[in-house]
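Remarks on the structure that follows.
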Amino acid sequence: MTERHITQEKLADSLGVARSTVFRKMQRGGQDFTAREIFKMMEVIPLSDQEAIDIFLTKKVALTRQKEAV
């Protein structure tokens, strides 16, 4: 978000939630975002498919994908 100059406020507005909700979900590692919210963030920020996978999927899933790529 920082690299793309997207504030929590702008992201929250685009998701239709309070900034505090976005902050809380981010503090929990992004695991609480819904699929709808993730797809919307991919548009707003924007994020590539791989970036979204790296950010929102569990560490175990991300590590499995990395091993498969090698």
Side-chain angles (χ1 to χ4, degrees):
M1 289 174 47
T2 302
E3 291 173 5
R4 295 179 178 136
H5 308 287
I6 303 296
T7 64
Q8 285 184 3
E9 187 72 34
K10 181 176 180 178
L11 183 60
D13 287 345
S14 68
L15 296 176
V17 299
R19 189 180 64 80
S20 61
T21 301
V22 170
F23 178 79
R24 179 180 44 80
K25 289 182 177 190
M26 291 175 118
Q27 289 297 100
R28 294 177 153 207
Q31 297 174 7
D32 295 338
F33 285 110
T34 66
R36 180 191 98 24
E37 290 170 333
I38 292 170
F39 285 119
K40 185 66 177 177
M41 284 188 276
M42 288 174 70
E43 293 175 14
V44 172
I45 294 177
L47 297 171
S48 69
D49 291 347
Q50 187 60 52
E51 288 170 321
I53 289 167
D54 293 344
I55 293 168
F56 297 107
L57 293 180
T58 64
K59 184 182 273 187
K60 181 178 177 182
V61 172
L63 289 174
T64 300
R65 287 186 58 87
Q66 287 176 352
K67 287 178 184 176
E68 290 173 358
V70 174

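Throughout, residue positions are numbered sequentially from 1 according to the sequence presented.
Distance check: T21 OG1 to E37 CD gives 8.5 Å after rounding to the nearest 0.5 Å. For the atom pair D13 CG and Q8 CD, the distance stands at 11.5 Å (nearest 0.5 Å). Considering CG of D54 and OG of S48, their distance stands at 7.5 Å, rounded to 0.5 Å.
Closest of all the heavy-atom pairs between I6 and V44 is CD1-O, 3.8 Å. K40 approaches S14 most closely through the heavy-atom pair CE-O, 3.5 Å. The minimum heavy-atom distance between D32 and R24, with the atom names listed, is OD2-NH1, 4.4 Å. Shown here for M1 and I45, the closest heavy-atom pair between the two residues is CG-CD1, 3.8 Å. Scanning both residues, L15 and R36, for their nearest heavy atoms gives O-NH2, 3.2 Å.
Sparse packing is recorded around NZ of K10, with 12 or fewer heavy atoms of other residues, nucleotides or ligands lying under 6.0 Å away.
Looking at heavy atoms from C-beta onward, V22 lies out of side-chain contact with E9 at the 4.5 angstrom threshold. In this structure the side chain of M41 reaches within 4.5 angstrom of the side chain of I38, judged on heavy atoms. Residues L47 and F56 meet the side-chain proximity criterion, which asks for heavy atoms closer than 4.5 Å.
Between the side chain of R28 and the backbone N or O of F33 there is no donor-acceptor pair closer than 3.5 Å.
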